[in-house]
Amino acid sequence: MSTFTTAAFDDPKPGLAALIDAGLDQHNKAFGDHGAFDGQRGLSSAAYDAGGRVIGGAVGHTLGCCCELKQLWVDAAHRHAGVGTAVVRAFEQRAIERGCDTFYLSTFSFQGRPFYERLGYSVQLEIPGHGVAGSKFFMVKKLPG
């Protein structure tokens with residue numbers, strides 16, 4: 001039996017996140033003949049103004065037939081003009097080209113739940129109690145097929 005101590009920190013200690021990531025990667029790569037996350041690929045899309053400046057973008061990844069939208073941002077001056085919808089649609093289309101039919105994301109009460117619902121996502125889980133952020137919603141969109 002080993003002896004150990006634990007500690008908790010308000011801010012991550014330098015290098016701790018990288019150490020944990022490396023340990024998880026090592027564990028995940030040992031899963032099966034190939035790593036459990038072999039095939040995971042980054043994915044992003046962006047919108048540009050006439051001068052070539054990024055005015056919105058989405059970032060996430062695909063793995064198997066699933067696509068996770070991790071972040072979506074639209075410049076405040078360009079919101080409610082279709083930019084977010086176009087960025088998400090481009091993001092989803094690229095994932096579909098990779099064979100994805102299941103899309104998922106999380107958002108807080110003050111963020112984009114109604115926006116994502118208009119795009120076909122539905123709430124699968126709500127976790128209340130996030131202070132002024134309200135609830136956190138986990139949303140999924142499944143393509144027919």
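- Across Phe103 and Ile96, no two heavy atoms sit closer than the pair CZ-CG1, 3.8 Å.
- Taken to the nearest 0.5 Å, the OH atom of Tyr116 stands 4.0 Å off from the CG atom of Leu72.
- The heavy-atom pair separating Val83 from Gly56 by the smallest distance is CG1-CA, 4.5 Å.
- Considering every non-hydrogen atom in both Cys100 and Gly64, the closest pair reads SG-O, 3.8 Å.
- Cluster membership check: Ile20 shares its hydrophobic cluster with Phe9, using side-chain heavy-atom separations under 4.5 Å among Ile, Leu, Val, Met, Phe, Trp and Tyr.
- Evaluation of the side chain to side chain contact (heavy atoms under 4.5 Å, CB included) rule for Glu68 yields His61, Lys70, Tyr104 as partners, not counting sequence neighbours.
- Nearest heavy atoms, Phe91 versus Ala58: CD1-CB, 3.9 Å.
- Under a hydrophobic-cluster definition in which Ile, Leu, Val, Met, Phe, Trp and Tyr are linked whenever side-chain heavy atoms come within less than 4.5 Å, directly or via other members, Leu69 and Val123 are assigned to the same cluster.
- Counting all heavy atoms, side chain and backbone alike, Ile55 lies closest to Trp73 at C-CZ3, 3.8 Å.
- The closest donor-acceptor contact from the side chain of Ser45 to the backbone of Val87 lies under 3.5 Å.
- By the rule that hydrophobic residues join a cluster once side-chain heavy atoms approach within less than 4.5 Å of another member, Val74 and Tyr48 end up as members of separate clusters.
- Note that the CD atom of Gln93 and the CD atom of Glu97 stand 5.0 Å from one another [nearest 0.5 Å].
- Minimum heavy-atom separation, Glu126 to Ser135: OE2-OG, 2.7 Å.
- Separation of atoms NE2 (His130) and CZ (Phe110) is listed at 10.5 Å; rounding is to 0.5 Å.
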Show me, pair by pair, the donor-acceptor contacts under 3.5 angstrom made by side chains of residues 137-145, not counting sequence neighbours?
residue: Lys141; atom: NZ; partner: Glu92; partner atom: OE1; Å: 3.1
residue: Lys141; atom: NZ; partner: Glu92; partner atom: OE2; Å: 3.3
residue: Lys141; atom: NZ; partner: Leu119; partner atom: O; Å: 2.9
residue: Lys142; atom: NZ; partner: Asp101; partner atom: OD1; Å: 3.2
residue: Lys142; atom: NZ; partner: Asp101; partner atom: OD2; Å: 3.3
residue: Lys142; atom: NZ; partner: Thr102; partner atom: OG1; Å: 3.1

### Task
Please step through side-chain hydrogen bond (donor to acceptor under 3.5 Å, both in side chains) for the pair Thr62 and Arg41, ending with a clear verdict.
CA-CA 5 Å; Thr62 61; Arg41 297 171 59 193; 5.4 Å; no

### Task
Show your working on side chain to side chain contact (heavy atoms under 4.5 Å, CB included) between Cys67 and Leu43 and close with a plain yes or no.
CA-CA 9 Å; Cys67 177; Leu43 179 62; 3.9 Å; yes

### Query
Taking it one step at a time, do Arg118 and Thr85 satisfy side chain to side chain contact (heavy atoms under 4.5 Å, CB included)?
CA-CA 9 Å; Arg118 286 191 299 275; Thr85 297; over 6 Å; no

### Message
Between Thr107 and Tyr121, is the side chain to side chain contact (heavy atoms under 4.5 Å, CB included) condition met? List the steps.
### Response
CA-CA 11 Å; Thr107 190; Tyr121 290 79; over 6 Å; no

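- With sequence neighbours excluded, the residues forming a salt bridge (Lys or Arg N to Asp or Glu O under 4.0 Å) with Glu117 are Arg113, listed by chain and number.
- Side-chain contact annotation: Ser122 with Gln124, donor-acceptor N/O pair under 3.5 Å present.
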